[in-house]
Amino acid sequence: MDVRQLQRQWIDLISALFREGFLDAQFTQLQQLQDESNPDFVVEVVTLFFEDSERLLNDLCNVLSQQVVDFNRVDAHVHQLKGSSASIGAQRVKNVCISFRNCCEERNLEGCFGCLQQVKQEYSLVKGKLEALFGLEQQIVAAGGSLPMM
């Protein structure tokens with residue numbers, strides 16, 4: 001596939017991510033921090049987000065499965081997940097975290113379980129889409145091209 005086709009695919013994918021609400025302006029700001037001296041900045045930051053999110057989601061499953069649920073601990077984990085998702089612009093994950101925190105505040109166990117499933121789903125979707133985006137970026141660079149400016 002030629003570089004221009006790959007670049008067009010990249011533009012289409014990133015445009016869809018914004019249009020469908022997966023990403024917000026924070027992701028654009030993250031991209032603007034990347035330069036020649038640190039060409040993998042966005043991938044590195046997002047990879048840390050993936051690692052942190054997986055740990056937090058596991059912790060949430062563990063805390064919610066306890067005989068007596070500590071809603072303060074659940075809320076602390078959700079707060080952390082909300083902050084890290086906001087920092088990379090993962091808007092849909094962040095929005096579910098807002099609802100999740102409301103359920104914690106209300107001590108609504110059923111609501112917390114529902115939000116946990118929803119946040120896992122949104123996380124999985126955004127992770128897959130960002131991995132596809134980064135894969136396209138690697139193909140563009142390997143073909144001798146550069147990433148289009150948005």
Side-chain angles (χ1 to χ4, degrees), residues 1-65 73-105 108 110-150:
M1 191 175 298
D2 92 344
V3 172
R4 277 174 282 158
Q5 286 176 306
L6 291 169
Q7 290 170 327
R8 170 55 49 204
Q9 283 183 343
W10 185 88
I11 289 170
D12 291 346
L13 178 55
I14 200 158
S15 297
L17 289 172
F18 283 99
R19 188 177 56 253
E20 295 168 14
F22 284 102
L23 299 177
D24 64 20
Q26 184 62 35
F27 188 80
T28 304
Q29 290 181 356
L30 200 61
Q31 289 177 306
Q32 291 170 348
L33 294 173
Q34 182 166 292
D35 58 23
E36 302 82 38
S37 67
N38 196 355
D40 297 324
F41 179 75
V42 175
V43 172
E44 290 170 3
V45 171
V46 171
T47 299
L48 288 173
F49 165 72
F50 291 158
E51 292 168 2
D52 193 41
S53 296
E54 308 244 343
R55 179 186 54 78
L56 288 167
L57 289 169
N58 285 331
D59 290 349
L60 281 165
C61 287
N62 292 334
V63 175
L64 284 169
S65 67
R73 273 188 63 205
V74 174
D75 186 59
H77 291 313
V78 175
H79 180 70
Q80 201 173 357
L81 182 58
K82 178 180 163 245
S84 60
S85 59
S87 73
I88 68 143
Q91 181 173 302
R92 285 171 45 167
V93 173
K94 179 191 74 174
N95 290 343
V96 175
C97 288
I98 292 168
S99 298
F100 204 154
R101 291 196 73 200
N102 290 335
C103 289
C104 289
E105 195 174 297
N108 178 349
E110 190 175 312
C112 284
F113 277 117
C115 286
L116 177 61
Q117 293 312 309
Q118 196 177 355
V119 81
K120 282 179 170 182
Q121 173 73 16
E122 291 300 338
Y123 166 74
S124 178
L125 288 170
V126 78
K127 181 179 182 193
K129 290 179 184 292
L130 286 172
E131 286 173 339
L133 184 74
F134 297 151
L136 270 174
E137 290 176 4
Q138 288 177 332
Q139 289 178 39
I140 291 167
V141 172
S146 60
L147 297 182
M149 298 307 271
M150 292 293 293

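Rounding to the nearest 0.5 Å places CG of L116 at 11.0 Å from SG of C103. In this structure, CD in Q32 is found 6.5 Å from OG1 in T28, a value given to the nearest 0.5 Å. With rounding to the nearest 0.5 Å, the separation of SG in C97 from CG in N102 is 11.5 Å. From E20, atom CD reaches atom OG of S15 across 10.5 Å, with rounding to the nearest 0.5 Å.
For D40, the salt bridge (Lys or Arg N to Asp or Glu O under 4.0 Å) criterion is met by no residue, not counting sequence neighbours. Scanning for salt bridge (Lys or Arg N to Asp or Glu O under 4.0 Å) contacts around E54 gives K127, with sequence neighbours left out. Under the salt bridge (Lys or Arg N to Asp or Glu O under 4.0 Å) criterion, R4 pairs with D2, not counting sequence neighbours. Residues forming a side-chain hydrogen bond (donor to acceptor under 3.5 Å, both in side chains) with D35 (at least two apart in sequence, or on another chain): S37. In this view, D52 and R55 satisfy the side-chain hydrogen bond (donor to acceptor under 3.5 Å, both in side chains) rule, not counting sequence neighbours. A search for side chain to side chain contact (heavy atoms under 4.5 Å, CB included) contacts involving Q26 returns D24, Q29, not counting sequence neighbours. Partners of S124 by side chain to side chain contact (heavy atoms under 4.5 Å, CB included), not counting sequence neighbours: none found. By the side chain to side chain contact (heavy atoms under 4.5 Å, CB included) test, S99 is found to be paired with C115, residues two or more places apart in sequence or in another chain being considered.
Closest non-hydrogen pair, S84 versus F49, comes out as O-CD1, 3.7 Å. Nearest heavy atoms, V74 versus C104: CG1-SG, 3.3 Å. A pairwise comparison of heavy atoms in F41 and Q34 identifies N-OE1, 3.3 Å as the closest pair. Closest non-hydrogen pair, F113 versus L64, comes out as CZ-O, 3.3 Å.
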Residues 132-143 side chain polar contacts: donor-acceptor under 3.5 Å, at least two apart:
from: E137; atom 1: OE2; to: W10; atom 2: NE1; distance (Å): 3.1

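At least one side-chain heavy atom of L81 sits under 4.5 Å from a side-chain heavy atom of L57. Between I14 and F27 the shortest side-chain heavy-atom distance falls below 4.5 Å. In this structure, the side chains of L23 and K129 stay at 4.5 Å or more apart for every pair of heavy atoms. Taking the side chain as every heavy atom from C-beta outward, E51 and L48 approach each other to under 4.5 Å. Annotation: side chain of Y123 is not in contact with side chain of V96 (no heavy-atom distance under 4.5 Å).
Looking only at distances, no side-chain donor or acceptor of Q7 sits under 3.5 Å from a matching main-chain atom of P148.
Within the structure, salt bridge (Lys or Arg N to Asp or Glu O under 4.0 Å) pairs that include any residue of residues 74-89 comprise D75-R101 (at least two apart or interchain). Residues in residues 85-95 take part in these side-chain hydrogen bond (donor to acceptor under 3.5 Å, both in side chains) pairs, two or more places apart or across chains: R92-E122.
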